[in-house]
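What's counted below: heavy atoms across the whole structure, side chains too, no hydrogens, waters or symmetry copies. Naming convention: chains lettered A, B, ... in sequence-line order (proteins, then strands); numbering from 1 in each chain.
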Amino acid sequence: MTPETILTAAEIAEIQAELAHYPSPSAASIEALKVVQKHRGWVADEPLKAVASLLNMSPEDLDAVATFYNLIFRKPVGRTVIYCCNSVSCWMLEADVVRERLSERLGIGFGETTPDGAYTLLPIVCLGACDHAPVVMVGERLCHDVRPAQIDAVFADDVGPASTASAR
Amino acid sequence: MVGIVVDGEPHEVPAGGNLLQSLLSLGLDLPYFCWHPALGSVGACRQCAVVQYRDENDVTGRVAMACMTPVAEGLRIGLKAPAAVEFRAGIIELLMTNHPHDCPVCEEGGECHLQDMTVMTGHTFRQYRGLKRTHRNQYLGPFINHEMNRCIACYRCVRFYRDYAGGDDLQVFASRNQVYFGRFEDGALENEFSGNLVEVCPTGVFTDRTFSAHFTRKWDLQTAPSVCVHCGVGCNTTPGERYGTLKRVINRYHGDLNGYFLCDRGRFGYGFVNCADRLTEPMLHGQPVTRAEGRARLRDVTFKGAIGIGSPRASLEANFALRELVGPENFYAGCADADYAMLDTIRRVLASWPVHSPSLREVEGADVVLVLGEDVGNTAPRLALAIRQATRNCMLAAAAELKIAPWQDAAVRELAQQVRGPLFVLATTGTRLDELAEVVVRRTPADIARLGFAIAHALEPAAPAVSGLSDEDRQHAESIAEALKRADNPLVVSGTGSGEPAIVEAAAQIACALSRRRKQPASVSFVVPECNSLGLMLLDPKRLGKALESAESGSVPAAIVLESDLFRSARTEAVESFLSRVGETVLLDHSPQATAHRAQIVLPVGTFAETEGTFVNGEGRAQRFFAAMSPRGAAMDSWRWLAEAHPRHDWQCLDEVTGACAAAIPVLARMVDAAPRADFRIDGLKIPRQTHRRSGRTAASAHIDIREPQPQDDTDSALAFTMEGDAFDAPAALRTYSWAPSWNSNGQSIAKFQDEVGGALRGGDPGVRLFEPVQRGAAPWFTEIPRAVAAEPGVWLTVPRYHVFGSEALSARAESVVERIPAPYVALHPSDLARLGHADSVELNWHGFREVLPVLADDTVVPGTIGVPVGLPGMPCGPCPRTLALRKAEPHGSGVST
């Protein structure tokens, strides 16, 4: 099996572009894994082996990097990943209750995916918005000052008072 | 030396070391996990905490990790300070929160470093009541079992496997409490040193799968000091027996040789001892006879004027007894003539040239290494591991300039990244060390020898020049010679693997040229094929071909073949002809092989695990090995069969044979010093092979006879097959097992038997070096430089290839090893294969026999040559022909016709 039979031409081109930025191929490990994840949602075994071969690494060496980082997924995830902060500022402002409401609403716990494949719920240590705790990130959308009573707002696409879309 | 104060007591310790190593060397007990004498310090486990005080007025101090603290004059520390004691107990308690309570069913139990350290810190009561994290285990191949739940995340396994041994299929995955040490997916650990994980892991994550199949606790094993028989390096081992089965082989520390590590062939090859088809009864024309009848037959054959064919894998004593029985003029070497020629050169060079044959520890100290025509990684794996460490010396030197101590492992590796010291590999095909080499040159065997001679000439103009070298090779010769000239501690490595005698000569020539330049002996290390190849040669045998030739004239009435298979050493038709012309053939061996089927008389002998004697390794070190168990059936030591048949000698015990051998052969005079004699006693008692904790002594055979059997007597050594006696104070050559109070694990307890942890064994490492470099006297140069070989169309020059698993005959019989042996094949360069029309298999003419073998494309094969794996089961037998004619095999038929 060559990388070409597993990875798409677009993926290989993007990985090659990343490789050009580093003196040694293994330095591009994380970026190459992100390329695959961007295209496929997660990094399965076969694509990982293909990337390892492109980077001239053993699958073990690349998987050591992939499994170390919690934002590289080695299992399938839902179309949207919801990160629920469980760090200290959010915890003081009832993040646990927020998480419970999210779980009730989705019918899943941390690390699980809804049966329709829409959402995966994951804990995260910090989203860098402690001044607006508790914080939840839905896909790439950051939700500030989440109120347990208004949990539906997290899922609202429109910009409401309790869930301010932010790009910062 | 520097003065340090430990718990108020002054001590002197060597400067430059770390505190943990220094404290252990003082004989003090301090728990640790991640540190290892061969791997250095990383400060990962936090277990070796001590309190460090600023000065004599400081009574509070601060907690410091001993392994990360350099010793310095005036260093004041508290080992017993309450803060340190409490800290260490806390660390163990945290490590144990996830460790299962499975010691009674864990195969590490009883020799577990984690158990020892837990007891040492006094953590005897568990407060944690939560869930333990659990993992899925992996299938790691026939050698290693995996039980990840036991892991304490010390990282020793990956530091050994990856950093020390160069493996890349073991890694650490995930993070925090979930870290997982394993492979990407199920499958055999590929590195040939994987077995060391069993001893490197401080607990039971990696255990010996072959041992597991017939498990016995360490304290129930009957053990003896032994020497590995699976290559010519001579690593020290400890085989362990119970219920008549050889249960396992573990490392026996030797400061100058194997240190803490063995290769997997040495560790797992022991399975041949337990094979059901072992030769156990004397056989006459295929019918079992009594020992007395066998002995009488051997005497008859001797009276007829038999010739003797000695063995490169039998002891010096066995070979000497055969030589005495048949007379030196009738004593031949049981190895291929090509090997004989090369071994003869090695023998002469070590004995009379101004070169030094280094120990493995000295190999590790080399700063420039040239490997000439030997695939060391496959023919002498432990030597290759030492060369691998030598390539790190440039990083250690760079670290030293920045005042980073060599034991600061993470810092040194971070500084050096992938930088490796100069290693030049001049080879006849791809080798295991290529990945580390600065320059890899692949040529035909004759061209490698020519290149070697050219390097010698570039180093020392007095050495003969090589004419007709290509520009590229001339440049290689000059640049390699320059690197060797600049080296403080250059090393040349070669051996018999290439089958080209001129390569061995060229290696000696380079070392001699270096010696002349440096005005002191330069190091040259020769790989020899078997555990006693060099020892056999020191008995001055004639080459096997001469025996075969003299049989042609009908002048050989009988032949006594000692522990060798002639069909592996000479062409099939020549051996067939020899055996049919010789009146009678007696074979002494322990395992069935082709010659055994053809000999009229077969006398069963013990394996290394059941007999005693002396081997000489490639370094020229004579080492004694001892029986861990008694031989099966009517088998006994080869030397005893031969001594009993001797009309005049009345040798009763091994010491008498050893003494006679030492007296008769001047170069072996010191072999008697390889170990204390059989009359050695401690407080009037022999050294016990059984531990003081052995269980079931009165019950083990109660189902056969209610009376406890009398312990077997051992007249040949100072070891006893009992529990009684002092194993702890035994000299290193007689140490039956490594154990000390509070230290039950093999790898860690050995510290109690070293003056400096990781250094020589107390009283000196065992064995006797037979050769010291000749200081003066001009060695004559080798002047016969081979001519370059031009490839003829349709004829391929053969190049032997070696496999750690498969190329050595005894280990290839071990059940676990069989799984790792490649299928028979030959290898061609892709361009040659294309010219053959991309065949899947080729038909070749092997000494007149047509053979069809699968063919592999391998771009490390030199075009015009064909790589032929040596000794693989299923390959045509006998030494590889010099050239092979081949053609594409018919896709369907057997290929024998057409």
Counting heavy atoms not belonging to [X], are there more than 12 under 6.0 Å from its [atom1]?
X        : atom1 : result
A:Asn56  : CG    : no
B:Leu402 : CG    : yes
A:Tyr69  : OH    : no
B:Asp840 : CG    : no
A:Glu104 : CD    : yes
A:Gln16  : CD    : yes
A:Gln37  : CD    : yes

Ignoring hydrogens, what is the shortest heavy-atom contact between A:Phe68 and B:Ala174? Give both atom names and the distance.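 Distance-wise, the nearest heavy atoms are CD1-O, 3.8 Å.
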
A:Leu48 and B:Phe184: which non-hydrogen atoms are nearest, and at how many Å?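 Taking A:Leu48 first and B:Phe184 second, the nearest heavy atoms are CD2-CE1, 3.3 Å.
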
B:Asp168 backbone acceptor or donor facing A:Ser58 side chain under 3.5 Å: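 Yes, because the side chain of A:Ser58 sits within donor-acceptor range (under 3.5 Å) of the backbone of B:Asp168.
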
Would you find a donor on one side and an acceptor on the other, under 3.5 Å apart, between the side chain of A:Thr67 and the backbone of B:Phe173?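 Pair absent, no side-chain N/O of A:Thr67 close to backbone of B:Phe173.
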
So, do B:Glu185 and A:Lys49 sit near enough that their side-chain heavy atoms are less than 4.5 Å apart?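 Sidechains of A:Lys49 and B:Glu185: in contact.
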
Heavy-atom pair count under 4.5 Å with chain A, highest-scoring of B:Arg176, B:Arg162, B:Gln178: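 Sorted descending by pairs with chain A, the first entry is B:Arg162.
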
Greatest number of heavy atom pairs closer than 4.5 Å to chain B - which of A:Pro59, A:Ser24, A:Ala66: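 With the most close heavy-atom pairs to chain B, the winner is A:Pro59.
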
Under 4.5 Å from any heavy atom of chain B, what part of A:Asn70 do you find: side chain, backbone, both or neither?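 Nothing of A:Asn70, per the 4.5 Å heavy-atom cut-off to chain B.
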
Strictly by modelled atom types, are A:Asp61 and B:Gln171 linked by a side-chain donor-acceptor pair under 3.5 Å?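 Judged by distance alone, the side chains do pair up.
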
